[in-house]
Amino acid sequence: MTTWLHTRVRAAREGDAGMGMITVVIAMTLFMLLSVVVLSQAVGGQTLARSDQDTSTALYAAQAGIEHYITKLNNEETYVQYDGKTKTDPNNGAMGSTAGKRNWLTVPQASGAAGRAKFHYELDLRYYAGGVDSAGKVIPATGTIKVTSTGWAGKRKRTLTADVRRDGFLDNLYYSDFETKDPDAYVDSVDGNTAAWAKTNCADKYYYTGRNKSCINIQFANDRLSGPVHSNDAILICNNAVFSADVTTVWSGRRRTDGCSSTSGTTFKNPTDPRVVARVDLPATNNELKAQTLSTTYPRGCLFVGETKIVVKGNQLKITSPWTRDTPVCKKDTWIPIPANGVIYVDNAVTGTAGDPNNWTSAETKPCTVGANANSVGYPVVNESGWAYKCGQGDVFIQQENGDAANGLDGRLTVAAKGNVYVTGNLQYKAGTDTDVMGSMLGLIADNNVYYWHPVDSGGKNLSVAGTSFTNRSVDAALLSVQHSVTTMNYASGTSLGTLNIRGNLTQKYRGIVKRGTAGYDKNYAFDWRLQLAAPPHFIEPTVSQFDAKRVTEIAADTAS
């Protein structure tokens, strides 16, 4: 019995030892399985981290491609000839293809060594200068190059598109070269100095380069500017001026306040504005627009000569131009469509130039007496006094039919004048046609002045003209005066004209005046932000400017190899 009991206890003990071994084996197995899982997760985490890194790196590489192309453009203006597909730069590894596969350029590392990321890009040049496609459809000129750049890192690709345009006048709601009154506009009885004095002491002189202190300063006060502002001059900013976007200047002093009775109430979007930037210079003339009307240009714009009246009705124009004889593209005195390339240029009347199709000989009776203060398209109007409309000068008089918003512009048009542009009534975009960058857009460019037309009688009182509204005028356009100002005609005469509502852009050599005392207009200026992405047809650019990406968007990755 004792032996049996001993045997049973020993057997039991041996059985416990077997169970312990099984437990140890199971524990070791579980530990090994856990180790495999942990190792698997660690390896998978490394793969995921690499994938995330490649995804980010591919995006940076795509951006590097855009910057690479912009650098090429800025270093060599003729680089715009290459589209990266049918015409490529053989020395650019980011363009074209080899043996049916795209070429890729490796992004260098900071050390100068080749990195593991690369990019390839192609360009859509159709809208840069416009033209006609293979189907004969007219492509409007916007000055924009569409860049499609794909970055590649590891197994990841990402693609960006960018609208690339020159930095220029249209990047701003408001641009001026000189923040002073146009010397040609001085009137001794009003300004205390003559135009002759101003031409000697004020013309082409900045505040910081010795402009005479008696030259008329023009300030921002009680103004609201809903868009970027730039001046090559020192900007005089006083009270209650509200700037809702960037303000830039060339002057190292940034902002003038001398002569302000108060500076309270003025606010900037950026507390450090005005910010100092490089100069943006106007060309000497707008004559490059005339080249768009010559027979060597296709599609060809319209050339008129002498004073010319333009009435807008949707996508139709009615043009009165008595001095113009030859109109191979745009017919006179009837409703016609906007010219295919969107350009109308009005030059001075032609007299005594044999061979010119618009020439008038000395023996012919002319539409009006050349040089007289009255022209052949109805100006001055009845009872108007004190304004000279020179006969034969390349002036434009433009408005929409009856001032009615329903007759607003439906299309893309640039009108350039050798002389002045007179906005004789409302000029708006037809509702619904201005919701995208390729919608309705108007450019008005004068070598001389752009005037908001405001006739007065011999007593200096506002005139009433049938079919024209002067009060609370609305103008949708990019307005540019190459040599003078964008200003109100007779701004110091008559009673208040209410508010001038500008949606677009103002570019001028000298700061234009729109109100003095209670006469003229209060300002309500809003930037048409589309102008940073596109432009009215063949709108002129600064004499020196840089290309830049105005909008960058990610799209579905281009998977082509």
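Nearest approach of Y521 to N472, heavy atoms of both residues: CE2-N, 4.3 Å. When every heavy atom of A417 is checked against every heavy atom of N420, the shortest pair comes out as CB-O, 3.7 Å. Contact record, L531 with M441: CD2-SD, 3.8 Å, taken as the closest heavy-atom pair. Pairing each heavy atom of A61 with each of V107, the nearest pair is CB-CG2, 4.0 Å. Residue Q393 comes nearest to G419 through the heavy atom pair NE2-CA, 4.1 Å, listed as atom of the first residue, atom of the second, then distance. Contact record, V312 with L317: CG2-CD2, 3.9 Å, taken as the closest heavy-atom pair.
Counting only N and O atoms by type, the side chains of D233 and Y208 include no donor and acceptor under 3.5 Å apart. Counted by atom type alone, N505 and T507 present one or more donor-acceptor pairs between their side chains at under 3.5 Å. No side-chain donor from either of S481 and N449 sits under 3.5 Å from a side-chain acceptor of the other. Residues T161 and T148 bring no donor and acceptor atom of their side chains to less than 3.5 Å of each other.
Between K509 and D204 there is a salt bridge, since at least one side-chain N of the basic residue sits less than 4.0 Å from a carboxylate O of the acidic one. Of the charged side-chain nitrogens involved, at least one lies within less than 4.0 Å of a carboxylate oxygen, so that D528 and R530 count as a salt-bridged pair. Under the 4.0 Å criterion applied to side-chain N and carboxylate O atoms, D163 and K146 are assigned as salt-bridge partners. In summary, D167 and K550 engage in a salt bridge, as defined by a charged side-chain N under 4.0 Å from a carboxylate O.
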Exercise for the section: Apply the test side chain to side chain contact (heavy atoms under 4.5 Å, CB included) to residues R116 and D54: give CA-CA distance (whole Å), side-chain angles for both, the deciding distance (0.1 Å), then the verdict. Expected result: CA-CA 10 Å; R116 57 187 298 274; D54 288 346; 2.6 Å; yes

Exercise for the section: List the steps, then state whether side chain to side chain contact (heavy atoms under 4.5 Å, CB included) holds for L160 with E554. Expected result: CA-CA 4 Å; L160 297 173; E554 183 170 14; 3.7 Å; yes

Practice task
Report the C-alpha distance between T98 and N103 in whole Å, list the side-chain angles of each, state the deciding distance to 0.1 Å, and finish with yes or no for side chain to side chain donor-acceptor pair (under 3.5 Å).
Solution key: CA-CA 6 Å; T98 302; N103 297 329; 2.7 Å; yes

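Each of T499, T424, L500 was scored for a side-chain contact (heavy atoms from CB on, under 4.5 Å) with R473, with one residue passing: L500. Tested against Y174, the residues Y525, F220, F527 include a single ring pair (Phe, Tyr, Trp, His ring centres under 6.0 Å) partner, F220. Of the candidates T414, L427, V486, L444 forms a side-chain contact (heavy atoms from CB on, under 4.5 Å) with just one, namely L427.
In the displayed structure, Y128 atom OH is contacted under 6.0 Å by more than 12 heavy atoms of other residues, nucleotides or ligands.
Relative to the ring axis of Y127, R412 does not place its NZ or CZ within 45° and under 6.0 Å from the centre.
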Which donor-acceptor pairs under 3.5 Å do the side chains of residues 65-72 make with protein atoms, sequence neighbours left out?
residue	atom	partner	partner atom	Å
E67	OE2	Q63	NE2	3.0
H68	ND1	Y121	OH	2.8
T71	OG1	E67	O	2.9

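Outside the 6.0 Å centre-distance limit, the rings of F547 and Y79 are not counted as a close aromatic pair. With ring centers used as reference points, Y206 lies under 6.0 Å from F178.
Aromatic ring pairs are classed by plane angle as parallel below 30°, tilted from 30° to 60° and perpendicular above 60°; the pair W104 and H120 is tilted.
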